[in-house]
Amino acid sequence: MYAVVRAGSKQQKVAVGDVINIDKTEAAQGDTLTLPVVMVVDGEKVTATGLDKASVTVEVTGAAKGPKIVIQKYKNKTGYKKRQGHRQKYTQVKVTDISL
């Protein structure tokens with residue numbers, strides 16, 4: 001059994017026991033969160049409508065950071081160089097329950 005959940009601006013496929021990264025939240029380590037469900041697949045049965053009562057419970061395991069992204073701009077013959085970096089912050093969570 002697995003579900004597709006919406007976490008922030010992204011959708012992710014999860015099953016019980018999976019550890020995923022979601023957009024940063026203010027939840028502390030050990031807190032539980034409930035994520036809205038977009039679709040549930042249970043064997044041959046796919047449920048995509050009427051999921052008002054369905055939910056996925058996750059436990060916060062800590063904070064994480066994404067890969068470093070380097071942005072470089074350069075213009076030839078003008079001496080213009082610019083370098084900028086970015087590293088996205090995530091909250092790492094473990095899926096504990098999928099309920100319908």
Side-chain angles (χ1 to χ4, degrees):
M1 176 178 197
Y2 69 88
V4 177
V5 297
R6 183 174 47 248
S9 61
K10 298 181 181 116
Q11 294 180 357
Q12 293 187 356
K13 175 183 167 183
V14 298
V16 176
D18 287 351
V19 177
I20 60 170
N21 290 331
I22 61 172
D23 292 336
K24 184 180 177 190
T25 61
E26 296 300 322
Q29 187 172 355
D31 289 351
T32 58
L33 302 173
T34 303
L35 300 177
V37 178
V38 176
M39 181 176 73
V40 175
V41 177
D42 187 12
E44 296 294 320
K45 184 179 172 189
V46 177
T47 307
T49 58
L51 294 171
D52 299 334
K53 298 176 185 173
S55 65
V56 172
T57 306
V58 296
E59 180 183 349
V60 177
T61 58
K65 289 184 182 180
K68 179 81 171 189
I69 298 172
V70 178
I71 301 120
Q72 291 186 341
K73 295 180 182 180
Y74 173 77
K75 289 192 178 179
N76 195 15
K77 299 179 185 172
T78 61
Y80 175 77
K81 288 191 247 180
K82 186 174 182 180
R83 185 171 183 210
Q84 180 180 357
H86 177 75
R87 192 162 184 191
Q88 187 68 33
K89 294 181 178 159
Y90 297 109
T91 299
Q92 195 172 47
V93 296
K94 181 177 182 180
V95 180
T96 57
D97 183 39
I98 298 175
S99 63
L100 293 175

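Hydrophobic clustering (ILVMFWY, side-chain heavy atoms < 4.5 Å, transitive): Met39 and Leu100 are in distinct clusters. Residues Val41 and Ile98 do not share a hydrophobic cluster, defined by chaining ILVMFWY side chains whose heavy atoms lie under 4.5 Å apart.
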Let me have the donor-acceptor pairs involving side chains of residues 53-79, under 3.5 Å, with sequence neighbours excluded, atom names and distances please.
| from | atom 1 | to | atom 2 | distance (Å) |
| --- | --- | --- | --- | --- |
| Ser55 | OG | Ser99 | OG | 3.2 |
| Thr61 | OG1 | Gln92 | O | 3.0 |
| Thr78 | OG1 | Lys75 | O | 3.3 |
| Thr78 | OG1 | Tyr80 | N | 3.4 |

Show every donor-acceptor pair shorter than 3.5 Å between a side-chain atom in residues 4-19 and any protein atom, with sequence neighbours excluded, or say none if there are none.
| from | atom 1 | to | atom 2 | distance (Å) |
| --- | --- | --- | --- | --- |
| Gln12 | NE2 | Asn21 | O | 3.2 |
| Asp18 | OD2 | Ala15 | N | 2.9 |

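To the nearest 0.5 Å, the span separating OG1 on Thr91 from CG on Leu33 amounts to 8.0 Å.
For the salt bridge (Lys or Arg N to Asp or Glu O under 4.0 Å) condition, no pair includes a residue of residues 79-90, sequence neighbours left out. Identified under the side-chain hydrogen bond (donor to acceptor under 3.5 Å, both in side chains) test for residues 28-48, with sequence neighbours left out: none.
In this structure the side chain of Asp23 reaches within 4.5 angstrom of the side chain of Tyr90, judged on heavy atoms.
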